[in-house]
Structures are given as C-alpha cells and as structure tokens.
Amino acid sequence: MKFYKDHYDVIVIGGALSGLSSALMLAKEGLDVLVLERHNLPGGIATSFVRGGIEIEAALHEMMSIGPEGNRLKVGKFLEDMGVNIDWLKVPEAYHASLPGLEVTLHPGLETFAREVDAEVPGTYDKVLRLLNLCHTVFDSVNELSIHPMSKVKMLLKHEAFVKTAGYSTQEVIDTFDLPKKAQDLLAPYWIYVGSGFKDLPFTIFAVLMADYIGYGSYIPHRFSHEMSLKMAERAEAMGVQIEYRQHVDKILVRDGKVYGVRTARGDEIHSDYVISAAYPNKVYTSMIEPLSEVPKAALKMVNGRRLSLTAFSVIMILDKTAEELGIKDYSIFRGDTMDTDALYNDLKGLGPYRYLTCICHNLGNPDATPEGTCSFSITTLPRVDGWKTVKAEDYDRVKHEVAEQMIDEMSKYLNVDLKAHILEIVIETPMTVARYTGMWNGCIYGYAHTMQDHIVARLQTAEAEKFIRGLEFAGAHQISGDGMGPAVTNGRKAAKNVLDDYRSKEAQAK
Ligand SMILES: Cc1cc2nc3c(=O)[nH]c(=O)nc-3n(C[C@H](O)[C@H](O)[C@H](O)COP(=O)(O)OP(=O)(O)OC[C@H]3O[C@@H](n4cnc5c(N)ncnc54)[C@H](O)[C@@H]3O)c2cc1C
C-alpha cells in the first residue's frame with residue numbers, strides 16, 4: 001500500500017491550530033486534505049509536556065474569542081460547529097495590575113470593569129465606559145467587515161466609528177477621552193498581547209483586544225491548550241483528513257507561477273493544486289519554493305517590509321505549595337515599573353532586565369492544573385528578537401539563566417516568597433526554544449507587528465495583491481488576524497475559504 005495518494009485537493013503544512021482549522025473547514029466541504037506535521041504531535045506551541053510526572057502547559061495564558069456557552073464568539077463557535085467539543089473554563093478575572101501606585105484586580109464585563117477603574121480613580125466611570133463601548137462598536141464592525149466587505153460609502157454609513165478611528169493610533173484615541181494617567185494605566189496592561197506601544201498601535205487592534213477580552217472574558221481548556229490541538233486533530237481525522245506526523249516539508253513545488261505539490265525531507269513528492277502553509281512567508285519565499293526563481297521580487301519585498309512582532313521568554317515553575325499557601329491571589333498578574341507602553345516596547349529589544357512581566361497561576365483558573373498541594377506559576381515576557389539574535393552559542397546557557405533568575409527574583413520580591421525555595425520543576429522557554437520547536441521565524445509568536453505603517457485595514461486591502469503564487473495560501477500567526485491562538489484559528493479558516501472559493505469557481509467552470 002502506498003503511504004500517500006497520487007493527488008490531494010489540498011496539502012496543509014503544519015498541524016497546529018491554524019493548519020488544523022483549515023483542514024477541518026475543507027474536510028467539512030468534502031475536500032480531500034493531507035496535513036503534514038514535522039512533530040510527533042499536533043498543536044505546535046499549543047501543547048503541554050510532562051516533567052516529574054506533572055503535565056505542564058507550554059504556552060497558553062488565555063484564549064480570546066471563545067465567549068460563554070450559548071453565546072460563543074467566533075473561535076468558540078467555529079470549534080463547536082466543527083464538532084470539536086472543548087471543556088472550557090472561564091478565567092476568573094481580567095487581570096491584576098501591579099503598576100507604580102496601583103495594585104488593582106479588574107474583572108471582565110464592560111460596566112464591571114469601568115466601575116472597578118472608577119473605584120480606584122474616582123470620577124472616571126462615564127469616560128471609561130464610553131471608551132469601552134467605542135471599542136465594542138469597532139469590534140462589531142471588524143467582525144462584520146471581515147466577512148462582508150462593502151463599499152466605502154456603505155461602510156461610512158453603517159460603520160462610522162470604525163471608519164472615524166481607523167487612521168488613528170491607540171494613544172491618539174485614548175487622549176480624546178481626557179482620562180487621568182492612573183485610569184489610562186489600568187486600561188493598558190493587555191498591550192503586550194498585541195506587541196506594539198500605544199503610539200504605534202492602530203486603535204482598531206486595541207479596540208478588538210479590549211472588546212473581546214474585557215467584554216466577554218477569556219477562557220482556557222480544562223486539559224491545557226493541548227486539549228484543543230488533540231481534539232481538533234482527532235475530529236479532522238474522523239472527517240477524513242489524513243494527518244501524517246514526523247513529516248517535515250522541505251519544498252513547495254511551483255511551476256509557471258502555480259503550486260503543484262510539496263516534497264518532504266524524507267523525499268516523498270506529493271501532488272496537489274493547493275498548499276496552505278503554516279510556515280512563515282519569510283521561510284517559504286527564501287528557502288522552500290522550488291525552484292527559487294519562481295519567487296517574485298515583490299514577495300521578498302513584502303516579507304522584508306514587514307516588521308516581525310514579539311517572541312517569548314517564559315519561566316514555568318511547578319511549586320511545592322498551593323497558591324493560597326504562597327499568597328498568590330490572582331490567575332493573571334501584569335507587573336511593570338511603568339505603563340509607558342512605547343518605552344516598554346523599546347526596552348524589549350534588549351536582553352533584560354525586563355521591566356514588564358506577565359504571570360499566570362494556572363490553578364486559580366483550573367483547580368486541576370497540578371497535583372494537590374502544588375501549583376503552577378509562570379513568569380513571561382515577550383521580548384523583541386533583536387537582542388536574542390546577538391547571543392552567541394557559547395553564552396546562551398548563561399544568558400538564559402541570568403534572565404530567568406532576574407524574573408524569578410522580581411516576582412519573589414513582589415510576592416514576598418522565595419520562589420526558588422519552592423521549585424519542584426522548572427522549564428525555561430526562550431525565543432530559540434520557540435523557533436526550534438515550532439519553526440516560527442526568529443521565534444516570533446505573533447507574526448508581523450500591527451503598526452501605524454502596516455495597518456490591518458491596509459493589509460485587508462492588499463491581501464489579494466500579496467498572493468504571489470497561485471494555489472499557495474498561508475495560515476498562522478503571520479496572517480492578517482495575527483496575535484495568538486484564537487487569531488491563528490481565524491487565519492486558518494480564512495486560508496481555507498480562499499482555497500474553497502477558487503476550487504468552487506474552477507468546478508463551476510469545468511461544468
Ligand atoms: C510562551 C508563550 C505564551 C503564549 N501565550 C498565548 C496566550 O496566552 N494566548 C494566545 O492566544 N496565544 C499565546 N501564544 C501564541 C500562540 O501560541 C501562537 O500565536 C499560536 O499558537 C500560533 O499558532 P499557529 O497555528 O501559527 O502554529 P504554530 O504554533 O506556529 O505551529 C506551526 C506548526 O507548523 C509546523 N511546521 C512548521 N514548519 C513545518 C514544515 N516545514 N513541515 C511540517 N510542519 C511544519 C510546526 O511544527 C507547528 O506544529 C503564546 C506563545 C508562547 C510561546
């Protein structure tokens with residue numbers, strides 16, 4: 001029996017969240033799909049691993065776009081529609097902000113959040129609620145426009161707030177609300193999830209982030225992010241998708257500007273008219289297209305013109321006491337010595353000490369996260385890759401441990417607990433770990449940065465012009481929605497839709 005069929009309708013490179021979303025959607029429409037994943041497991045960084053007999057989440061802090069049962073948002077609804085049933089747990093709070101002069105825990109719900117900010121900074125309720133409502137209006141517009149593109153005139157009539165704010169930075173829009181600095185600081189902690197300082201972050205992105213996370217709250221799967229990956233892969237296979245693990249795709253085969261298949265590192269040549277790639281465009285256009293002469297100059301210009309977003313440095317610890325015993329009160333803590341997001345972004349280009357940390361105590365969102373009497377506590381920062389690229393191989397181990405130690409010391413001081421004395425297991429993930437494990441270009445977990453020069457609205461308009469090779473689509477954090485696991489699912493769906501539209505129009509022509 002042959003390992004592969006002679007031809008597939010679609011080949012998907014990468015069996016993580018984006019690739020599996022594409023596969024699920026295409027299989028539902030009856031297409032014959034092959035997924036090639038270089039690891040022995042699905043999920044990419046949406047995974048977990050076992051140390052000392054304890055299962056440990058590798059990445060996920062919180063998922064956006066899930067929504068409560070009965071009122072699911074787009075990612076939660078897509079998974080349900082596909083028959084992927086995840087045991088979702090709602091994260092109890094939005095976050096605890098530990099900032100100069102502020103120790104405040106804020107909860108999701110637009111009015112709740114505004115009330116809690118007002119309790120800390122009296123007199124701000126109306127303004128904060130107006131700002132959050134504006135975010136919500138823009139969020140609704142983005143959701144509608146991403147599915148139903150419309151003329152500029154219609155857009156202006158139906159989506160006035162979206163059109164009016166689209167050209168402005170987050171800082172410019174927030175400034176119009178004339179909020180005291182402390183209130184602005186309390187609105188800012190999630191900035192790190194989108195990876196640009198407020199002067200350079202399009203308001204549209206901030207609005208979607210706030211409306212989604214603050215409006216509906218965030219969620220985690222009961223059995224870690226790997227529950228999503230495993231259940232998606234299981235469901236895809238049940239729907240007829242062929243998933244092959246330990247299959248690294250080396251080359252995407254192109255002739256006369258059109259894809260005709262892939263070649264794996266093992267040497268198998270597999271044919272299809274469509275390839276969806278979770279591998280970064282940077283990687284694809286510089287080394288995966290065969291022959292490279294099929295790569296148009298414009299494709300290289302596009303990848304060179306885009307700014308890579310942030311990577312990740314994470315210290316994940318299993319501690320020998322419960323959260324309560326260690327005095328950890330919140331699922332999510334954002335701690336910084338300033339909330340000047342532009343200054344913090346600038347600092348992220350170095351190798352620390354990092355001034356802005358995001359910490360998760362999983363047990364406070366999922367009591368079953370670790371064995372009784374223990375808890376899991378992770379400290380993460382999202383550096384730019386610049387500094388890490390300068391680290392020589394012989395210095396890597398030292399630098400990694402110095403940075404981790406600085407982060408543990410900072411949080412030990414804050415919690416007034418010697419965290420090191422309680423470590424049962426510790427794992428340090430660096431930008432290099434991420435790059436090596438997932439193949440993400442330079443270890444960048446969020447794809448290309450959203451900036452005022454490279455705005456999501458402009459990207460939507462240039463998307464068609466950026467299809468440089470017929471039959472080749474991309475799905476992953478590097479596509480339009482960017483920024484995390486939820487958007488990776490949306491990007492996977494979008495790539496599948498592009499393939500389907502083309503496939504159906506060819507079918508119609510052939511009739
Ligand atoms: C520490 C950390 C914390 C994070 N926290 C969050 C969070 O709280 N919330 C959130 O939403 N996001 C978070 N993220 C980001 C999120 O994990 C990523 O944005 C998301 O998983 C990207 O998914 P993807 O589908 O692009 O796949 P990736 O995870 O990029 O995986 C790509 C897949 O393709 C495979 N692949 C690549 N090249 C090839 C090839 N040539 N042949 C075969 N297979 C290939 C890889 O093995 C991998 O499985 C975090 C990331 C990290 C590292």
Side-chain angles (χ1 to χ4, degrees), residues 11-23 34-47 57-66 75 91 190 192-195 209 212-213 218-220 225-226 228-229 232-233 243-252 262-266 275-280 283-284 287-288 309-316 332 358 360 362 365 378-383 427-441 443-447 474-479 481-493 495:
I11 296 174
V12 177
I13 304 173
L17 299 184
S18 58
L20 289 172
S21 301
S22 300
L34 170 68
V35 176
L36 296 167
E37 166 56 50
R38 60 186 200 149
H39 278 297
N40 57 347
L41 288 169
I45 199 78
T47 193
E57 168 65 55
L60 182 67
H61 291 194
E62 43 192 332
M63 280 287 288
M64 70 192 300
S65 306
I66 301 302
V75 174
V91 169
Y190 277 147
I192 195 78
Y193 285 179
V194 282
L209 177 81
D212 198 308
Y213 274 126
S218 59
Y219 289 78
I220 47 172
S225 57
H226 206 47
M228 279 188 289
S229 321
M232 287 170 83
I243 306 181
E244 298 298 342
Y245 297 101
R246 295 176 188 273
Q247 298 305 317
H248 187 113
V249 175
D250 233 5
K251 299 290 175 197
I252 298 172
V262 301
R263 185 174 318 104
T264 66
R266 205 173 66 162
V275 170
I276 295 179
S277 168
Y280 265 62
K283 170 91 179 157
V284 168
S287 66
M288 285 177 75
S309 192
L310 306 177
T311 175
F313 187 103
S314 198
V315 182
I316 308 169
S332 163
T358 150
I360 296 291
H362 273 110
S378 70
I379 314 173
T380 302
T381 189
L382 302 181
V427 177
I428 305 170
E429 291 173 9
T430 72
M432 281 73 176
T433 320
V434 177
R436 217 178 37 164
Y437 188 77
T438 66
M440 288 175 183
W441 189 254
C444 288
I445 61 171
Y446 288 164
F474 288 92
H478 40 76
Q479 290 310 290
S481 297
D483 295 324
M485 296 194 190
V489 169
T490 304
N491 285 331
R493 292 173 64 191

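Quick note: numbers below take in every heavy atom, side chains included, and nothing from hydrogens, waters or symmetry partners. Whatever order the structure lists them in is the order used to number ligands and atoms, beginning at 1.
- Polar contact check, His61 against ligand 1: a nitrogen or oxygen pair lies under 3.5 Å apart.
- Counting heavy atoms from C-beta on, the side chains of Met63 and Val75 come closer than 4.5 Å.
- Close approach of ligand 1 to Glu429 is summarised as follows: ligand atoms under 4.0 Å from at least one heavy atom of the residue are 1 (C).
- Nearest residue to atom 33 (C) of ligand 1 from Gly443, Pro42, Ala16 is Ala16 (criterion: closest heavy atom).
- Residues Val262 and Leu36 are in side-chain contact: their nearest non-hydrogen atoms beyond the backbone lie under 4.5 Å apart.
- Val249 places a side-chain heavy atom less than 4.5 Å from the side chain of Met288.
- From Trp441, atom CH2 reaches atom OG1 of Thr311 across 14.0 Å, with rounding to the nearest 0.5 Å.
- Of all protein heavy atoms, the one lying nearest to atom 48 (C) of ligand 1 is Glu37 OE1, 3.6 Å.
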Listing, residues 38-46 side-chain donor-acceptor contacts under 3.5 Å, not counting sequence neighbours, or none:
| residue | atom | partner | partner atom | Å |
| --- | --- | --- | --- | --- |
| Arg38 | NH2 | Arg436 | O | 2.8 |
| Arg38 | NH2 | Tyr437 | O | 3.0 |
| His39 | NE2 | Tyr437 | O | 2.4 |

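- Looking at atom 37 (C) of ligand 1, its nearest protein heavy atom turns out to be Thr438 O, 3.5 Å.
- Contact annotation for Ala312 and ligand 1: only side-chain heavy atoms (C-beta onward) come within less than 4.0 Å of the ligand.
- For the residue pair Ser314 and Glu429, no side-chain donor N or O sits within less than 3.5 Å of a side-chain acceptor on the partner.
- Counting only N and O atoms by type, the side chains of Ser65 and Asp212 include a donor and acceptor under 3.5 Å apart.
- Ring-centre distance between Tyr446 and Tyr193: not below the 6.0 Å cut-off.
- Closest to atom 9 (N) of ligand 1, if we only count protein heavy atoms, is Glu62 O, 2.9 Å.
- In terms of polar-atom proximity, defined here as any N/O pair under 3.5 Å, Val249 does make such a contact with ligand 1.
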- Show your reasoning for whether ring pair (Phe, Tyr, Trp, His ring centres under 6.0 Å) applies to Tyr280 and Phe474. CA-CA 8 Å; Tyr280 265 62; Phe474 288 92; 9.3 Å; no
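- Of the heavy atoms in Met440, only side-chain atoms (C-beta onward) come closer than 4.0 Å to ligand 1.
- Considering both main-chain and side-chain atoms, Tyr446 never comes within under 3.5 Å of ligand 1 through any nitrogen or oxygen pair.
- In terms of polar-atom proximity, defined here as any N/O pair under 3.5 Å, Arg38 does make such a contact with ligand 1.
- Assignment of Gly476 to the shell around ligand 1 is supported, since a heavy atom sits closer than 4.0 Å.
- The shortest N or O to N or O distance between Ala477 and ligand 1 is below 3.5 Å.
- Looking at ligand 1, you won't find any N or O of Ala488 less than 3.5 Å from one of its N or O atoms.
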- Task: Please lay out, stage by stage, how Ile192 and Leu310 fare under the test side chain to side chain contact (heavy atoms under 4.5 Å, CB included).
- Result: CA-CA 9 Å; Ile192 195 78; Leu310 306 177; 4.1 Å; yes
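- Not counting sequence neighbours, the partners of Ile220 by the side chain to side chain contact (heavy atoms under 4.5 Å, CB included) test are Leu60, Leu89, Val91, Tyr331, Asn366.
- The protein heavy atom nearest to atom 17 (O) of ligand 1 is Ile45 CG2, 2.8 Å.
- Between the side chains of Thr433 and Thr430, a donor-acceptor pair is found at a separation under 3.5 Å.
- Contact annotation: Met64 has no heavy atom less than 4.0 Å from any atom of ligand 1.
- Here the CG atom belonging to Leu34 is positioned 9.5 Å from the CD1 atom belonging to Ile243, to the nearest 0.5 angstrom.
- Nearest to atom 34 (O) of ligand 1 among the protein's heavy atoms is Gly14 CA, 3.2 Å.
- Nearest heavy atom pair, residue Ile316 against residue Ala58, reads CD1-O, 3.8 Å.
- Residue contacts with ligand 1: Ile445 is placed with a nitrogen or oxygen under 3.5 Å of a nitrogen or oxygen of the ligand (distance criterion only).
- For Leu36, every heavy-atom contact with ligand 1 shorter than 4.0 Å involves the backbone, none the side chain.
- Considering both main-chain and side-chain atoms, Thr380 never comes within under 3.5 Å of ligand 1 through any nitrogen or oxygen pair.
- Under 4.0 Å from ligand 1, not a single heavy atom of Met63 appears.
- In terms of protein heavy-atom proximity, atom 10 (C) of ligand 1 is nearest to Met485 N, 3.3 Å.
- Summary of contacts: the protein heavy atom closest to atom 2 (C) of ligand 1 is Ala59 CB, 3.6 Å.
- What sits closest to atom 38 (N) of ligand 1 on the protein, heavy atoms only, is Ala279 CB, 4.0 Å.
- Looking at ligand 1, you won't find any N or O of Ile13 less than 3.5 Å from one of its N or O atoms.
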